[in-house]
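Notes follow once the structure below has been shown.
For ligands, and for the atoms within them, numbers begin at 1 and follow the listed sequence. In what follows, every heavy atom counts, from backbone to side chain, and hydrogens, waters and symmetry copies are set aside.
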Amino acid sequence: MEKIQKIKGFADLLADQATVFERLESAARRVFGQYGYKEARVPVLERTELFSRSIGEETDVVQKEMYTFPDRKGRSLTMRPEATAGMVRAYVENALHAQEELTKLFTYGPMFRYERPQKGRMRQFHQLDVEAFGSPSAHLDAEMLFMLGHFLTEIGIGELNFELNSLGCPDCRPAYQQALNDYFKGFDGGQLCEDCLRRKLTNPLRVLDCKVPSCKELTKGAPLISDYLCDDCRTHFATVTGVLDAAGFDYTLNPRLVRGLDYYVRTTFEVTSGKIGAQSAVAGGGRYDGLVKNLGGPDLPGVGFACGMERLALLMGDAGAAAPDFHLAVLGAQGLDAGLLLAQKLRAAGLSGECALAAKSAKAQMRQAGKSGARYCLILGESELADGTVVVKNMLAGTQETVSQDTLLDIIAP
Ligand code: HAM
């Protein structure tokens with residue numbers, strides 16, 4: 001029979017890779033919990049309108065990247081391309097705003113975007129996502145950046161670049177959009193891509209996020225949002241950066257950072273790494289005051305971020321995999337019963353490890369022990385079986401001794 005293969009851009013996460021993901025999830029739960037965030041689990045499938053209305057009709061995500069299909073009754077559904085929209089929907093639908101003034105939630109799981117797959121870019125990928133609803137405070141933005149930095153340090157990832165910008169608000173952004181409009185007006189089809197010819201009229205901020213080289217080149221001369229911020233936005237951003245400065249938190253200002261989603265206002269940020277190739281953004285986020293109202297809720301502010309788990313895993317390498325305590329090698333078929341019982345005794349004492357289920361040569365067994373990364377290789381040969389002993393090989397130290405099976409635990413317990 002012909003093999004059925006997985007879909008392009010989708011991956012099986014096996015063994016060590018799954019362990020790394022599990023480590024990321026438990027570190028997230030621990031660190032985010034320290035800041036008062038609680039877990040939420042929301043659906044991966046939502047009504048298409050949730051995403052088009054929140055992420056924005058002119059974004060690449062909505063225009064080109066969504067997995068959208070009609071259900072059996074003809075309603076348009078979409079596999080979530082990100083988590084924020086669903087988290088806002090859940091916040092509104094469950095009226096969480098009526099229960100507490102500030103709601104702090106995190107979630108994690110698969111997201112779906114029909115992008116061109118490459119290193120660090122998948123069509124099914126995973127995010128750790130954090131959202132806080134109900135507070136307009138610049139101090140919350142700063143705390144969120146502290147928490148993101150804390151989490152990344154906790155999982156052992158360093159040498160990252162935090163880029164920050166303010167995208168203004170509905171009061172000051174129209175003047176900036178007008179300035180962009182005026183700037184891009186002079187450029188035609190020879191200079192701007194087809195999408196941007198439309199975007200320069202409908203949503204000129206999106207031209208700044210275009211990946212087409214000729215558009216990128218043109219944006220270099222475009223006006224900067226930092227020159228158009230109103231007093232309130234300026235004060236808000238100065239408070240965020242002031243707190244970060246006071247804490248000695250490293251970041252760079254990037255007045256061209258616009259992010260790929262339309263819902264952002266004021267503080268926006270992206271974290272990049274120079275070690276994982278072209279897809280260098282490991283996390284991104286910002287404030288989205290106005291989105292809760294836009295999705296039918298009360299006029300309450302929000303701020304959040306998401307980390308890409310595949311990209312974090314690339315940076316972590318093998319550091320996430322756990323090694324077993326022992327590998328038990330049995331050299332003769334008659335020793336398998338005793339071997340299995342001995343392994344059970346060790347596991348009952350809390351140790352982890354495997355017992356060979358078929359008798360193989362000593363050489364093959366040592367190879368298997370080495371591959372497993374076990375701390376100890378235990379060997380049961382004919383003579384050990386006869387006198388109730390076991391050979392204990394310390395794989396790290398390279399030393400070896402023969403001990404009574406009764407005292408084995410004292411020697412190998414961590
Ligand atoms: P985003 O920047 O679109 O923001 O995605 C966040 C992170 O997800 C990226 O920095 C990247 O690490 C990862 N990511 C995105 N697309 C892919 C892909 N195709 N393959 C692998 N990793 C990918 C958001 O999604 C916002 N919802 C973040 C947010 C939360 N803003 C406020 N709250």
When only distance counts, is [X] in polar contact with ligand 1, meaning an N/O pair under 3.5 Å?
X: Ala281; result: yes
X: Met122; result: yes
X: Glu131; result: yes
X: Glu310; result: no
X: Glu115; result: yes

Just to check, does [X] reach to within less than 4.0 Å of ligand 1 when the distance is taken from its heavy atoms?
X: Arg121; value: yes
X: Arg259; value: yes
X: Ala283; value: yes

For [X] and [Y], work out which heavy atoms get closest and say how close.
X: Leu331; Y: Ile379; result: CD1-CG2, 3.7 Å
X: Leu342; Y: Val390; result: CD2-CG2, 4.5 Å
X: Phe184; Y: Ala222; result: CZ-CB, 4.4 Å
X: Arg259; Y: Phe269; result: CD-O, 3.7 Å

Counting each atom of ligand 1 from 1 as listed, which ones have a heavy atom of [X] under 4.0 Å away?
X: Asp129; answer: 30 (C)
X: Tyr263; answer: 26 (C), 27 (N), 31 (N)
X: Gly120; answer: 20 (N), 21 (C), 22 (N)
X: Gly285; answer: 31 (N)
X: Thr84; answer: 26 (C), 27 (N), 29 (C), 30 (C), 31 (N), 32 (C), 33 (N)

At what distance is the nearest protein heavy atom to [atom], and which residue and atom is it?
atom: atom 24 (C) of ligand 1; value: Leu261 CD1, 3.5 Å
atom: atom 23 (C) of ligand 1; value: Phe125 CD1, 3.4 Å
atom: atom 27 (N) of ligand 1; value: Glu82 OE1, 2.5 Å
atom: atom 13 (C) of ligand 1; value: Gly308 CA, 3.6 Å

Review point. Should Val44 and Pro110 count as side-chain neighbours, where that means a heavy-atom distance under 4.5 Å?
Key: yes
Point to revise | Interatomic spacing from CG in Leu328 to CG in Leu378 - rounded to 0.5 Å | key: 5.5 Å
**Study point:** Atom pair CZ/CD of Phe125 and Gln279 - distance to nearest 0.5 Å
**Key:** 11.0 Å
Review point. For Glu354, does the CD atom sit with more than 12 other heavy atoms under 6.0 Å from it, leaving out its own atoms?
Key: no
Review point. Do other residues, nucleotides or ligands put more than 12 heavy atoms under 6.0 Å from Arg256 CZ?
Key: yes
Exercise for review: Look at the rings of Phe133 and Tyr91 and say which category their plane angle falls in: under 30° parallel, 30 to 60° tilted, over 60° perpendicular.
Suggested key: parallel
Check your understanding: According to the interplanar angle, ranging from 0 to 90°, do the rings of Tyr228 and Tyr176 count as parallel (below 30°), tilted (30 to 60°) or perpendicular (above 60°)?
Key -> tilted
With backbone taken as N, CA, C and O and side chain as the heavy atoms from C-beta onward, which portion of [X] lies under 4.0 Å from ligand 1: side chain, backbone, both, or neither?
X: Val282; result: backbone
X: Gln127; result: side chain
X: Val271; result: neither

Review point. Only one of Met66, Arg53, Arg75 clears side chain to side chain contact (heavy atoms under 4.5 Å, CB included) with Thr48; which?
Key: Met66
Practice item. Only one of Leu261, Val292, Leu295, Val88 passes side chain to side chain contact (heavy atoms under 4.5 Å, CB included) with Ser54; say which it is. Key: Leu295
Review point. Taking atom 29 (C) of ligand 1 as the point of reference, which of Phe112, Tyr114, Tyr288, Tyr264 owns the nearest heavy atom?
Key: Tyr264
